[in-house]
**Student:** 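Following this message is one structure expressed as structure tokens.
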Amino acid sequence: MKKLMAANWKMFKTRSEAEETARTLLSKIDGKIPEDREVLVAAPFTSLCAVDSVFGGKPWFHLSGENMYPAEEGAFTGEISPHMLKDCGCGFCLAGHSERRHVMGETSEFVGEKVSFGLKSGLSMILCIGETIEERKAGKVQQVIDEQLEKGLADVPAQILPERIVVAYEPVWAIGTGEVAGPEEIVEAHTFVRKKLEKIFPEKFNEIRVLYGGSVKPGNCAEIITLDNVDGVLVGGASLDGESFSQIVLA
Ligand code: 13P
């Protein structure tokens with residue numbers, strides 16, 4: 001199973017800035033990426049085609065949407081369909097990022113609709129999960145992760161190809177705070193995720209990638225990436241700079 005080194009650019013970068021960052025990243029990593037790694041960039045809708053034009057055709061590269069609406073088309077002002085993402089070169093899309101859950105108020109049920117519709121539409125889906133600091137302090141980490149996985153994967157067929165589903169564990173308190181989860185916290189959560197995946201996908205659970213996200217930086221990535229059940233990283237702030245993200249990709 002190849003490690004997935006993923007960037008999430010959130011609501012940053014104009015088209016030209018995105019293209020420049022993509023070019024810097026490509027120049028730093030092309031020809032150097034280990035065989036067992038892949039790179040993914042989730043970019044704002046307006047920059048997807050620009051990023052695709054830089055990386056398009058690289059076999060180790062995946063382009064991702066950051067969000068989508070679970071319908072093929074229709075009167076959904078302001079939304080984007082999986083079909084439109086694919087048209088811009090996307091093979092993946094995020095669902096349930098903590099900012100969608102906590103800023104935009106998306107429920108786990110709605111996230112589950114996105115995951116199943118995205119998969120049906122031919123995208124691979126990255127389901128993001130993670131607890132808030134209040135939930136952690138209340139001892140509810142496993143309960144929260146369990147609920148988010150249960151509802152997020154509720155309508156995914158058991159025979160789905162394992163490479164089409166990625167789970168990203170991103171504790172909300174570690175996102176953008178500089179406070180990375182400790183190795184024990186990461187391993188504990190990822191082991192729990194793996195056990196839950198085993199219940200849902202008894203045959204292929206070991207082939208589903210589970211990423212860690214939350215204040216990943218060039219200086220801590222090498223350690224995180226070797227932890228048990230960590231199959232890659234999902235990086236926000238430190239992915240905005242091509243040089244910095246290249247160090248993470250090659251860490
Ligand atoms: P930071 O790497 O900035 O903590 O963000 C993580 C994240 O939200 C990636 O999706």
Side-chain angles (χ1 to χ4, degrees), residues 3-13 17-18 21-22 25 38-45 47-48 51 62-68 85 90-106 108 111 114-115 118 123-133 135-136 141 144-145 148-149 152 165-183 185-186 189-190 193 209-225 227 230-251:
K3 302 252 186 209
L4 186 60
M5 314 305 280
N8 175 11
W9 287 351
K10 308 192 178 184
M11 197 174 77
F12 291 98
K13 297 189 186 295
E17 289 164 351
T21 307
L25 178 61
E38 292 180 339
V39 176
L40 177 145
V41 172
F45 300 136
S47 294
L48 287 171
V51 178
H62 302 285
L63 186 64
S64 174
E66 297 178 9
N67 182 37
M68 47 145 270
L85 291 177
C90 290
F92 279 79
C93 188
L94 305 181
H97 189 278
S98 90
E99 289 138 24
R100 303 283 331 161
R101 293 178 192 265
H102 298 291
V103 183
M104 279 66 175
E106 290 189 7
S108 291
V111 172
K114 293 187 184 200
V115 170
L123 288 172
S124 299
M125 296 299 294
I126 303 175
L127 170 63
C128 306
I129 59 169
E131 80 287 356
T132 63
I133 193 64
E135 289 163 339
R136 175 163 283 269
V141 177
V144 170
I145 295 178
Q148 291 177 343
L149 285 172
I165 300 185
V166 178
V167 174
Y169 171 64
E170 302 199 292
V172 180
W173 48 272
I175 294 179
T177 58
E179 191 177 346
V180 66
E185 290 164 325
I186 297 176
H190 281 234
V193 171
R209 287 182 283 199
V210 183
L211 315 184
Y212 169 77
S215 296
V216 175
K217 304 271 181 282
N220 60 24
C221 182
E223 185 194 356
I224 292 170
I225 201 80
L227 295 172
V230 176
D231 309 306
V233 285
L234 181 55
V235 188
S239 75
L240 293 172
D241 178 73
E243 164 78 40
S244 152
F245 189 55
S246 74
Q247 290 171 18
I248 289 173
V249 168
L250 303 176

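Because the structure is a prediction, the values reported are computed rather than measured. Order of appearance sets the numbers: ligands from 1, and atoms from 1 within every ligand.
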**Student:** Should the heavy atoms of other residues, nucleotides or ligands under 6.0 Å from CZ of F12 be counted, would the total exceed 12?
**Tutor:**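 No, because the 6.0 Å sphere around CZ of F12 holds 12 heavy atoms or fewer from other groups.
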
**Student:** Classify the ring geometry of H190 against Y169: parallel below 30°, tilted from 30° to 60°, perpendicular beyond 60°.
**Tutor:**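 Plane angle over 60°, so perpendicular.
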
**Student:** Between E66 and H97, does any side-chain donor sit less than 3.5 Å from a side-chain acceptor?
**Tutor:**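 No, no side-chain donor-acceptor contact under 3.5 Å.
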
**Student:** For a distance cut-off of 3.5 Å, show me each N or O of ligand 1 paired with any protein N or O, plus the separation.
**Tutor:**
unit_1, atom_1, unit_2, atom_2, d
ligand 1, 2 (O), G236, N, 2.9
ligand 1, 3 (O), G237, N, 2.8
ligand 1, 4 (O), G176, N, 2.6
ligand 1, 4 (O), S215, N, 2.8
ligand 1, 5 (O), K10, NZ, 3.3
ligand 1, 8 (O), K10, NZ, 2.8
ligand 1, 8 (O), H97, NE2, 2.8
ligand 1, 10 (O), N8, ND2, 3.0
ligand 1, 10 (O), H97, NE2, 2.9
ligand 1, 10 (O), E170, OE1, 3.2
ligand 1, 10 (O), E170, OE2, 2.9

**Student:** Which residue pairs pass the salt bridge (charged side-chain N to carboxylate O under 4.0 Å, His left out) test when at least one of the two sits in residues 165-174, sequence neighbours left out?
**Tutor:**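 Not a single pair qualifies under salt bridge (charged side-chain N to carboxylate O under 4.0 Å, His left out).
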
**Student:** Other residues, nucleotides and ligands only: do more than 12 of their heavy atoms fall within 6.0 Å of CD on E17?
**Tutor:**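 Enclosed.
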
**Student:** Looking at V249 and V39, what are the two nearest heavy atoms and their distance?
**Tutor:**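 For V249 versus V39, the nearest heavy atoms are CG1-CG2, 3.6 Å.
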
